[in-house]
Structure formats: structure tokens, C-alpha cells
Amino acid sequence: MSNKLIAGNWKMNGSLAANEALVKAMLAGIGQPSAEVALCAPSPYLAQLQSLLQGSPIAWGSQDVSAHEQGAYTGEVSVGMLKDFGCRYAIVGHSERRQYHGETDELVAAKAQRALSAGVTPIVCVGETLAEREANETEAVVKRQLAAVIHTVGHCITEIVVAYEPVWAIGTGKTATPEQAQAVHAVLRAQLAAATTNSKRVHILYGGSMNAANAATLLAQPDIDGGLIGGASLKAADFLQIVAAAA
Ligand code: PEP
């Protein structure tokens, strides 16, 4: 495994002024991180991130991408447009999109494939709801979600990033314990290993209320290769502490 990856997901937060202050504070404190670092912003701010982050150790990306190449898809953003603004990553299948926008496993897989086709790395989110965990369905749910992507992208599976994000831990302050997270990451690693001889190359991130206090123990787990960070990516000091914990 190469360096860990710490990716921020700003969700639908920010403004030109707030983003500039946040990014400048991050750049002032980041030094030469030994982790890979990225920020995923709302689409209107990608040009701003490009101009603030170009040449810095922080990459940037989007929070979604269209499954279509171009055309009559009002409101959608194509991967070509993301490339125009220098995006390295696109989050796909975040639970908020699965939940509020009805995104299916198949659509998420198509989005991942579309991103890969243009050289943008999809950060594919998988994760179970609280009801699914309580019904002992966690493993079946995450395997079903990842299987759709493996089926669609084939040998390109080594080019994706996976993010395990238990839905009950996102934005709730309830973090999976390191043991709970590691157990699911091991399942995902085994599933990747069945699909490719190069499964160790795939970063499997943990996401769900990761913060400055709990990052180090989560990131110490053998199959946790980084974090997808929501709330804490909106605070420079907290995000930088997570990046430091990934060293
Ligand atoms: C997320 O939105 O991907 C996330 C993990 O959010 P939070 O860190 O706020 O739980």
C-alpha cells in the first residue's frame, strides 16, 4: 500500500470567502504531508480550488459525477468538465446521494466507470444503515454495493478508491469502533482480492465522524488506508490533525 489518503468532503457547505480562508489555513499548516490529501467541494467552487491548490500538496475533486458523457441532462456535471478544472477525484455513491436522490448500485457503478474513463479516480462509497447493521446485514450490503462496481469496471477495479461509510456514523458523532471498521474493511479487501491480484493497491477509506481525536486509532488498523472526512474537513486545524495522524 502506498501512502494513506485523507479526503475531505465539504458537502453543501462553503462560500468563496469561507473556502479561501479555510484552504489558506490548511496550506499554511500542511507542510509536506506523508499522506495523500484531497478536498472535494461543491462543483461551483472547483475553479476556486484549482486556483488555490494548483502546485500544492492538496488535490481536489467533486462530490458526484454524471454517468453520461454529455448532452440533455440538466443539472448534471460531466467528467470532462471535472477534468477541465483539474479534478483528480470524484466521490460517487455517497449515502446522501443514495438516500436523497435514489441512486442505485448500478447507477453508482456507471458513475465510477465514467470517472475512470477520463482518468478521474472515483471514491466509491459503500455502507450499511443502522437497521441493516442491527439485522446483521452489514457484510451482505457492502458486498452487494462493491460487487456492482467490480462487475461494471472489470480489471480497472485497481484504479478506484473505496470508502466504507456506515450510514449511522455519518455526521452523527457516532464513530464505528476501530474493530468494527477493520472487520468490514477486511471483508472489502477480501472481495477485492477475489477480483484482482492487486487488491492492496486499492485504498479503502473509513468515513463516519472521523475526527482529530479518533483518527489515529482508526488509521492504525491494517486495512484502513485513509479517511473520508465530512464535518472535520471544514475546520483547518482538525483536518490537519487527521492528516498528521495518517503519517
Ligand atoms: C461524509 O460525509 O462522507 C462523512 C464521513 O461525514 P462526517 O465525517 O461528518 O461523518
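All ligand and atom numbering here is 1-based and tracks the order in the structure.
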Counting both backbone and side chain atoms, is some N or O of [X] under 3.5 Å from an N or O of ligand 1?
{"X": "Ala232", "value": "no"}
{"X": "Lys11", "value": "yes"}
{"X": "Gly231", "value": "yes"}
{"X": "Gly207", "value": "no"}

Checklist entry - Going by heavy atoms in the side chains, are Val142 and Leu188 under 4.5 Å from each other? => result yes
Next on the checklist: Are Glu69 and Arg114 packed together at the side-chain level, in the sense that at least one heavy-atom pair is separated by less than 4.5 angstrom?
Outcome noted: yes
Show the atoms of ligand 1 that are less than 4.0 angstrom away from any heavy atom in [X].
{"X": "Ala169", "answer": "10 (O)"}
{"X": "Leu228", "answer": "3 (O), 5 (C)"}
{"X": "Gly208", "answer": "5 (C), 10 (O)"}

Checklist entry - Does one side chain, of Glu36 or Asn3, offer a donor that lies under 3.5 Å from an acceptor on the other? => result no
Next on the checklist: Nearest non-hydrogen contact with atom 4 (C) of ligand 1 belongs to which option: Gly127, Ser233, Gly230?
Outcome noted: Gly230
Checklist outcome for this item: Closest to atom 1 (C) of ligand 1 among protein heavy atoms sits His94 NE2, 3.2 Å
Item to check | Contact partition for Asn9 relative to ligand 1, non-hydrogen atoms under 4.0 Å | outcome: side chain
